[in-house]
Amino acid sequence: MAESPPVVIWEREVRSLLNYSELIQRLEWALGKFSKRDSAEVIQPVRTTVPLQKHNGFFGVMPCYMENDGILCTKLVNFYNRPTGSTLPSTQAIVMLLDPEYGNVKAVMNGEVITVMRTAAVSAISAKLLMRTDSEVLTILGTGKQATSHYDVFTEIFKFKEVRVWSRSKERGVTFAGTLNGPVTVCESVEEAVKGADVIVTVTRSTEPVLFGQWVKPGAHIAAVGACRPDWRELDDTLMKQSVVYVDSREGAMTESGDVVLSGVQVFAEIGDLINGTKPACKEKTTVFKSLGLGVEDAASAQLVYDKWKSNVM
Ligand SMILES: NC(=O)C1=CN([C@@H]2O[C@H](COP(=O)(O)OP(=O)(O)OC[C@H]3O[C@@H](n4cnc5c(N)ncnc54)[C@H](O)[C@@H]3O)[C@@H](O)[C@H]2O)C=CC1
Ligand SMILES: O=C(O)C1=NCCCC1
């Protein structure tokens, strides 16, 4: 019997099928499985990245197999360091869900929505586990797509008294603030934005440190999302060295994170270790969660989209 052609689930539909509360649950489940290093649970190599030198970008391939759950998936993602003012997209992605037994592609999905939402949801998981319970001030550095998704999930699941944003251009900061569903303070400098902040999200395309340890309040939690190449930085050595460092994947961090590799710090634990209860959450210390993005996050998110799509059509 010939298999059916893949279903195509595109941007608007993916967005309508995903919500942060279900996504967070699925991602906690997936990250916990990932950190068990049990090949029947998750096989997920570090992303293969091909440089697109001529276009100042990278092509990433992110496969993942969850045997016990029958989930086989890959994401193809292109990401670029576009010059300021470029109108070309900085990230493009598709996610493919396959049948592990038959081998066919079951679904092809828009990957940009999955990427922005799952990344923000994982940062929110890190904050749930690592920020102090009395946290009041959230700062977001960067005003792109990830800044929006991080604002959305952090304000949906936590109650901050103040949210601050910073962009290299004040004008962009003000424009960005106008797109959000709530009040934010637009700051002139990173130092002003992070002074006294309890939680700091870095979502820039910078390749040099933008956040310096001397400005960060002891005990703050930092979700560091940009700088996904081994020679790129968002955080300086001082901040890395004064923090307890958590990552999504140890192998990924040692291969892809300039903040980890170039500062020479030891990774303390994976977020999945916290979820599994095999490593402690050092909430009283300054904590950095270095996020790079994992195929297992895309696989869990895509399966959620597919399950919900199927339940709608049946
Ligand atoms: N950890 C993960 O799982 C993922 C990480 N990323 C990374 O997150 C970062 C943000 O992604 P998007 O919001 O999609 O990008 P975007 O292009 O939509 O926004 C980037 C932001 O960074 C700012 N920026 C650019 N160069 C800068 C510099 N030198 N210093 C300070 N700010 C600068 C831009 O003005 C803009 O506000 C990127 O580095 C991207 O590669 C993206 C997807 C997943
Ligand atoms: O996980 C992802 O997807 C990405 N991570 C870093 C760079 C852009 C895409």
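Read the numbers this way: they start at 1 and go in the same order the structure lists the ligands and their atoms.
- Under a cut-off of 6.0 angstrom, the local environment of NZ in K285 is sparse, with at most 12 non-hydrogen atoms contributed by other residues, nucleotides or ligands.
- Distance CD/Q44 to CG/D298: 8.5 Å, rounded to 0.5 Å.
- For a threshold of 3.5 Å applied to N or O pairs, the pair formed by W166 and ligand 1 contains no separation below that value.
- Residue-environment remark: CD (E208) stays at or below the threshold of 12 foreign heavy atoms within 6.0 Å.
- Those atoms of ligand 2 that come under 4.0 Å of a heavy atom in F79, given as number and element, are 7 (C), 8 (C).
- Ligand 1 has a nitrogen or oxygen under 3.5 angstrom from a nitrogen or oxygen of R205.
- Counted within 6.0 Å of CD on Q214, heavy atoms from surrounding residues, nucleotides or ligands total more than 12; the atom is thus considered enclosed.
- Looking only at protein heavy atoms, the nearest one to atom 9 (C) of ligand 1 is T204 O, 3.4 Å.
- At a heavy-atom distance under 4.0 Å, only backbone atoms of L292 (N, CA, C or O) approach ligand 2.
- Looking from atom 1 (N) of ligand 1 to the surrounding protein, the closest heavy atom is S291 OG, 2.9 Å.
- Ion pairing between a basic and an acidic side chain is recognised when a charged N comes within 4.0 Å of a carboxylate O; R15 and E112 show no such pairing.
- The shortest separation from a heavy atom of K75 to ligand 2 is under 4.0 Å, placing the residue in contact.
- Which of Q146, R168, R82, R47 comes nearest to atom 12 (P) of ligand 1 through a heavy atom is settled by distance: it is Q146.
- Using 4.0 Å as the threshold, R118 has a heavy atom nearer than that to some atom of ligand 1.
- Side-chain contact check for E234 and S206: no donor-acceptor pair (N or O, by modelled atom type) lies under 3.5 Å.
- Of the protein's non-hydrogen atoms, V77 CG2, 3.9 Å is the one closest to atom 9 (C) of ligand 2.
- Near T115, the atoms of ligand 1 lying under 4.0 angstrom from a non-hydrogen atom of the residue are 43 (C), 44 (C).
- Taking a cutoff of 4.0 Å between a charged side-chain nitrogen and a carboxylate oxygen, R233 and D259 qualify as a salt bridge.
- Side-chain polar atoms of T91 and R205 form a donor-acceptor pair below 3.5 angstrom.
- Of the protein's heavy atoms, T119 CG2, 3.8 Å lies nearest to atom 4 (C) of ligand 1.
- Remark: E284 CD is packed, more than 12 non-hydrogen atoms of other residues, nucleotides or ligands lying under 6.0 Å away.
- Contacts between R118 and ligand 2 below 4.0 angstrom, taking non-hydrogen atoms only, involve the side chain exclusively.
- Counting heavy atoms under 4.0 Å from ligand 1, residue L292 touches it through the backbone alone.
- Looking from atom 21 (C) of ligand 1 to the surrounding protein, the closest heavy atom is V203 O, 3.8 Å.
- By the 3.5 Å distance cut-off applied to N or O atoms, S90 is counted among the residues near ligand 1.
- More than 12 heavy atoms of other residues, nucleotides or ligands shown are found within 6.0 angstrom of NZ on K283.
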Residues L129, Y246; criterion side-chain contact (heavy atoms from CB on, under 4.5 Å); working and verdict: CA-CA 11 Å; L129 295 165; Y246 297 82; over 6 Å; no

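- The protein atom (non-hydrogen) at minimum distance from atom 18 (O) of ligand 1 is K145 N, 3.0 Å.
- Remark: the T286 side chain and the Q242 side chain contain no N/O donor-acceptor pair separated by less than 3.5 Å.
- In terms of N/O distances under 3.5 Å, ligand 1 is not approached by F79.
- Residues S135 and H221 bring no donor and acceptor atom of their side chains to less than 3.5 Å of each other.
- Remark: ligand 1 and G142 share no N or O pair separated by less than 3.5 Å (distance only, no angle test).
- Here's the thing with E297: none of its N/O atoms is less than 3.5 angstrom from an N/O atom of ligand 1.
- Heavy atoms of T115 come nearer than 4.0 angstrom to ligand 2 in at least one pair.
- Put simply, no part of E234 is less than 4.0 Å from ligand 1, judged by heavy atoms.
- Given atom 7 (C) of ligand 1, the protein heavy atom at minimum distance is V225 O, 3.6 Å.
- Sparse packing is recorded around NZ of K145, with 12 or fewer heavy atoms of other residues, nucleotides or ligands lying under 6.0 Å away.
- Atoms of ligand 2 found under 4.0 Å from any heavy atom of R47 (numbered from 1 in listed order, with element): 1 (O), 2 (C), 4 (C), 5 (N), 6 (C).
- Within the 4.0 Å heavy-atom criterion, the part of M62 lying near ligand 2 is the side chain and not the backbone.
- A heavy-atom separation below 4.0 Å is not found between E256 and ligand 2.
- With hydrogens and angles left out, the side-chain atoms of T115 and K75 include a donor and acceptor closer than 3.5 Å.
- With respect to R26 and E297, no salt bridge is recorded, no charged nitrogen being found less than 4.0 Å from a carboxylate O.
- Listed here is the closest heavy atom pair of D248 and G293: OD2-N, 2.8 Å.
- Of all protein heavy atoms, the one lying nearest to atom 19 (O) of ligand 1 is G144 CA, 3.3 Å.
- Within ligand 2, counting atoms from 1 as listed, the ones closer than 4.0 Å to a heavy atom of C228 are 6 (C).
- Residue-to-ligand polar distances place T143 within reach of ligand 1: an N/O pair is separated by less than 3.5 Å.
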